[in-house]
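Below: the structure, in structure tokens.
For the numbers below, each heavy atom of this structure counts, side chains included, while hydrogens, waters and symmetry mates do not.
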2 protein chains.
Amino acid sequence: MTKIGFGIHDHSHCIASAIHAAEVCCAREKLQFTKTRRRVLEILLSQHKALGAYEILDQLAAEGQNAQPPVAYRALDFLVSNGFAHKVEKLNAYIACSHPGAEHAPAFMICRGCNAVHEACLDTANRAPKGMFGGAAQAAGFRIETAVIEASGLCPACQSSAA
Amino acid sequence: MTKIGFGIHDHSHCIASAIHAAEVCCAREKLQFTKTRRRVLEILLSQHKALGAYEILDQLAAEGQNAQPPVAYRALDFLVSNGFAHKVEKLNAYIACSHPGAEHAPAFMICRGCNAVHEACLDTANRAPKGMFGGAAQAAGFRIETAVIEASGLCPACQSSAA
DNA sequence: TTTTACTTGTTATGATATAACATTTCATCT
DNA sequence: AGATGAAATGTTATATCATAACAAGTAAAA
Ligand SMILES: [Zn+2]
Ligand SMILES: [Zn+2]
Ligand SMILES: [Zn+2]
Ligand SMILES: [Zn+2]
């Protein structure tokens with residue numbers, strides 16, 4: 001058990017189950033879960049925070065691959081397109097999905113103190129993304145397809161240390 | 001009257017009133033509404049869409065100033081910090097606030113067809129940003145300070161043309 | 001096995017943003 | 001008005017994030 005994000009959990013299980021979920025999903029959807037794609041997802045999962053593409057490249061380089069930027073961006077595109085990871089727009093960074101397989105609108109809480117990122121699970125029925133605009137979208141005739149929802153603030157640890 | 005964003009309105013009035021609101025606010029807060037800051041806000045208002053910092057630099061250059069990147073970013077920082085403009089994270093671009101002076105959580109509808117951006121006015125009481133996470137923030141002990149809310153989809157015009 | 005689609009390797013470049021420091025302008029006090 | 005400190009600007013250089021383009025390899029389908 002290690003502290004990850006804002007809480008404690010069994011992180012090795014967390015990684016294994018996320019990888020397994022991706023394997024199952026790729027088999028079902030006939031997607032190629034190639035070595036690089038798997039490795040990038042593992043890297044994202046191992047950190048459990050938002051990583052920039054070049055941080056991932058550094059990690060790959062440390063493992064002996066001399067990977068160029070498109071390698072990271074292609075893998076990230078694949079992972080994001082298929083719901084295994086999300087882009088955190090506010091940070092220009094990428095994070096493994098905390099709810100793989102679950103139908104959900106991704107929403108993040110980003111600590112400005114330590115940059116930890118916690119993914120909330122907004123159920124698609126109630127709040128996000130359509131209901132959130134409170135009819136403004138409907139009034140404007142806008143058809144919502146996706147939504148970026150990112151809150152910035154202080155995580156519990158940083159609230160304490162800032163005291 | 002010109003078509004702007006998703007609708008029609010008196011745009012010259014729109015510009016004048018936003019500039020006036022900024023003047024009043026700066027006087028009250030003892031902020032310096034300098035020539036460059038005013039000009040950048042005017043540029044944002046004149047387009048009424050999200051502009052990249054380098055598009056603003058191009059505009060300034062066309063007016064004879066040989067402005068370097070920090071000039072645009074400093075002016076944008078000032079405008080964003082004081083609520084006269086917002087950054088659209090998804091586009092890495094900046095847009096004049098449609099509700100200057102009003103207490104509001106900014107929320108945007110971004111058309112993937114034509115890149116038009118429409119700012120919704122979420123009242124701070126009801127939906128955004130706290131209520132939106134449906135208790136997830138409270139459960140995690142996270143203290144929300146600001147929120148980015150950006151919906152992507154199709155505006156009415158692009159829905160018609162895509163028909 | 002031929003074809004086709006997809007994936008990867010690689011080079012180069014584009015797009016966005018900031019660090020650092022010298023200089024000027026502005027606000028304030030005497 | 002003149003001195004003083006804070007704020008804003010000018011400028012150079014560089015950091016950071018992302019994609020275009022094309023050649024080469026690999027896997028899936030016919
Ligand atoms: Zn997710
Ligand atoms: Zn923190
Ligand atoms: Zn606004
Ligand atoms: Zn449109």
Side-chain angles (χ1 to χ4, degrees), chain A residues 22-23 26-41 43-44 49-61 63-82 84-95 110 112 115 117 148 150, chain B residues 22-23 26-41 43-44 49-61 63-82 84-95 110 115 148 150:
Chain A
E23 281 171 346
C26 287
R28 188 179 61 237
E29 307 286 339
K30 298 202 190 302
L31 301 169
Q32 297 178 231
F33 196 45
T34 62
K35 186 178 170 182
T36 302
R37 291 168 177 177
R38 170 190 291 260
R39 190 67 200 111
V40 170
L41 180 55
I43 290 168
L44 289 176
K49 61 172 201 177
L51 293 178
Y54 282 73
E55 291 180 281
I56 289 166
L57 282 172
D58 290 345
Q59 182 70 42
L60 292 175
E63 292 168 9
Q65 310 195 34
N66 188 13
Q68 299 304 306
V71 171
Y73 283 101
R74 283 169 184 156
L76 289 167
D77 279 352
F78 173 86
L79 296 173
V80 169
S81 296
N82 295 288
F84 307 131
H86 304 292
K87 179 172 186 185
V88 181
E89 296 288 347
K90 175 106 185 183
L91 300 178
N92 291 316
Y94 304 83
I95 191 165
I110 306 164
R112 68 170 162 78
N115 268 335
V117 177
V148 171
E150 296 172 359
Chain B
E23 281 172 346
C26 287
R28 189 179 59 237
E29 307 286 338
K30 296 200 188 306
L31 301 170
Q32 295 178 229
F33 195 46
T34 62
K35 186 178 170 182
T36 302
R37 290 167 176 177
R38 170 190 292 260
R39 188 69 200 111
V40 170
L41 180 55
I43 289 169
L44 288 176
K49 62 172 200 176
L51 294 179
Y54 283 74
E55 292 180 280
I56 289 166
L57 282 172
D58 289 346
Q59 181 70 40
L60 292 175
E63 294 168 8
Q65 309 194 36
N66 188 12
Q68 299 304 305
V71 170
Y73 283 101
R74 284 169 184 156
L76 289 167
D77 279 351
F78 173 85
L79 296 173
V80 169
S81 297
N82 294 288
F84 307 132
H86 304 292
K87 179 171 187 184
V88 182
E89 296 289 347
K90 176 105 186 185
L91 302 177
N92 290 317
Y94 304 82
I95 191 166
I110 307 163
N115 267 337
V148 171
E150 297 172 359

Check: For B:Tyr73 and C:dA15, is the shortest distance between a side-chain N/O and OP1 or OP2 below 4.0 Å?
Finding: no
Next item on the list: For the residue pair A:Tyr54 and A:Tyr73, categorise the inter-ring angle as parallel (less than 30°), tilted (30 to 60°) or perpendicular (more than 60°).
Entry: perpendicular
Next item on the list: For A:Lys30 and C:dA5, give me the distance from atom NZ to atom P, rounded to whole Å.
Entry: 18 Å
Notebook entry, point to check: Taking only N and O in the side chain of B:Lys87, is any of them less than 4.0 Å away from OP1 or OP2 of C:dA17?
Noted result: yes
Note to self: Pick the closest DNA chain D nucleotide for A:Gln32 and for B:Phe78 by heavy atoms, then say which residue is nearer the 5' end.
What the structure shows: B:Phe78
Notebook entry, point to check: Under 4.0 Å between a side-chain N/O of A:Arg74 and OP1 or OP2 of D:dA18, yes or no?
Noted result: no
Check: Where the side chain of A:Thr34 is defined as all heavy atoms beyond and including C-beta, which of C:dT8, C:dA20, D:dT19 is the nearest nucleotide?
Finding: C:dT8
Next item on the list: Would you please confirm or rule out a distance under 4.0 Å between OP1 or OP2 of C:dT7 and any side-chain N or O of A:Thr36?
Entry: no
Notebook entry, point to check: If you find the nucleotide of DNA chain D closest to B:Lys35 and the one closest to A:Asp77, which residue's nucleotide is nearer the 5' end?
Noted result: B:Lys35
Notebook entry, point to check: Are the side chain of A:Glu150 and the backbone of A:Glu89 linked by a donor-acceptor contact shorter than 3.5 Å?
Noted result: yes
Item checked: Flag, side chain of B:Arg39 to backbone of B:Leu60, donor-acceptor distance under 3.5 Å -> no
Check: Can you tell me if the side-chain N/O atoms of A:Asn92 get under 4.0 Å from OP1 or OP2 in D:dT16?
Finding: no
Checklist line | Which nucleotide in C:dT10, D:dT9, C:dT18 has an atom nearest any side-chain atom of B:Pro69 | finding: C:dT18
